[in-house]
Structure formats: C-alpha cells, structure tokens
Amino acid sequence: QVQLVESGGGLVQAGGSLRLSCAASGRTRSSYAMVWFRQAPGKERDFVAAINWSGERTFYADSVKGRFTISRDNAKNTVYLQMNSLKPEDTAVYYCAAGLVVVFAPNYDYWGQGTQVTVSS
C-alpha cells in the first residue's frame, strides 16, 4: 500500500500563487508516475498535471499550461505543484494520485485525501 498526503492548499487572491505538496509513504516506489487532479463542487474530477517516475516528462491540462509546474523529489518521496497566476476557476479540491503509468483519467490505485484551494476574485 502507498499512502499519499497532500498539503499546501488555502485561500489566495486571484493572481496569487500556492505550492501544493504530496508526500508518499508506505510501499513507496520512485518508479511511480505522480499525477494531480482537481474536483470542483458538482463537477467531475479533472486531470491537472502529471510527471513520470524520473521527472523527465511532464504533462499539463490546457487550462493550466504555462501557469502550473509539476516537479518531484524522489529522495523525499514528494511531488509538488507550483501554481502561479491563479484564477477563481482554479478553485477546487486538489488530489494527488500514484500509478505505474500516466493516464489522464482518474483511474489510479492510490489517492490522497485532497487539499482545498480557493481563489477569490
């Protein structure tokens, strides 16, 4: 089993920045791909960003490209999501997930509990 714990969410004004962290524990494997999803009230869980096991490949949803950056520190078993130029439409619960390969649908074996991000206008 792998446990994932997100942190770093909060309330920020539009145009501001936040950095989310996702710490992995348990049967951690640096070969896992790590992914961020988000879910706004009444909406589906949407793909945000992903990073492969080595950190050499990253993927972003069009809505966050150029504003968000995903990175990982395998020595710390932690993945990060740096979010800049935040918009009110970025408001959602952000979840990290881990799996053997990157897929853009929320079909992962391991999930964190989520962290709330609220962007005020």
If you look at every heavy atom in Ser21 and Thr78, which pair is closest and at what distance? CB-CG2, 4.3 Å
Applying the 4.5 Å side-chain criterion to the ILVMFWY set and letting contacts propagate, would Val2 and Leu100 be lumped into a single cluster? yes
In short, Ala92 meets Gln116 closest at the heavy-atom pair O-NE2, 3.4 Å
Does some side-chain heavy atom of Leu20 sit less than 4.5 Å from a side-chain heavy atom of Val117? yes
Pair Phe68, Trp36 - check side-chain contact (heavy atoms from CB on, under 4.5 Å), show working. CA-CA 11 Å; Phe68 291 10; Trp36 288 96; over 6 Å; no
Where do Met34 and Cys22 come nearest, in terms of heavy atoms and distance? CE-SG, 4.1 Å
Sidechain-backbone polar pair: Thr115 side chain, Gly9 backbone, donor-acceptor under 3.5 Å: yes
Taking the side chain from Asn74 and the backbone from Trp53, do they hold a donor-acceptor pair closer than 3.5 Å? yes
For Asn52 and Glu56, the nearest pair of non-hydrogen atoms, with its separation, is OD1-N, 3.0 Å
I'd like to check Tyr32 versus Tyr110 (side-chain heavy atoms, cut-off strictly below 4.5 Å). Are they in contact? yes
Would you check if Leu81 and Thr69 make a side-chain contact, meaning some heavy-atom pair closer than 4.5 Å? no
Just by modelled atom types, is the Ser121 backbone N or O under 3.5 Å from a matching donor or acceptor in the Gln13 side chain? no
Counting only N and O atoms by type, is there a donor-acceptor contact under 3.5 Å from the side chain of Arg67 to the main-chain atoms of Ser85? yes
Looking only at the aromatic ring of each residue, does the gap between the centers of Trp111 and Phe37 stay below 6.0 angstrom? yes
Using the rule given for side-chain contact (heavy atoms from CB on, under 4.5 Å), can you reason through Ser17 versus Gln82, listing the C-alpha separation, both sets of side-chain angles and the distance that settles it, and then say yes or no? CA-CA 7 Å; Ser17 298; Gln82 178 66 44; 4.0 Å; yes
Ignoring hydrogens, what is the shortest heavy-atom contact between Val103 and Asn107? Give both atom names and the distance. CG2-O, 4.1 Å
Could you give the distance from NZ (Lys87) to OG (Ser63), rounded to the nearest 0.5 Å? 8.0 Å
Lys65 bridged to Asp62 by N-O distance under 4.0 Å: yes
For Val64 and Arg38, what are the C-alpha separation, side-chain angles and deciding distance, and is it a side-chain contact (heavy atoms from CB on, under 4.5 Å)? CA-CA 12 Å; Val64 306; Arg38 66 186 181 186; 4.0 Å; yes
May I ask whether Tyr95 and Val5 are part of the same hydrophobic cluster, defined by side-chain heavy atoms of I, L, V, M, F, W, Y residues being less than 4.5 angstrom apart, directly or through others? no
How many angstroms lie between CD in Gln3 and CD in Gln113, if you round to the nearest 0.5 Å? 11.5 Å
Indicate yes or no: at least one non-hydrogen side-chain atom of Tyr94 is less than 4.5 angstrom from one of Gln39. no
Tell me whether Tyr60 contacts the main-chain N or O of Ile70 through its side chain, where contact means a donor paired with an acceptor under 3.5 Å. yes
So is Arg19 actually on top of Tyr80's ring, under 6.0 Å and inside 45° of the axis? yes
Can you give me the closest heavy-atom contact between Val102 and Ile51, atom names plus distance? CG2-O, 4.3 Å
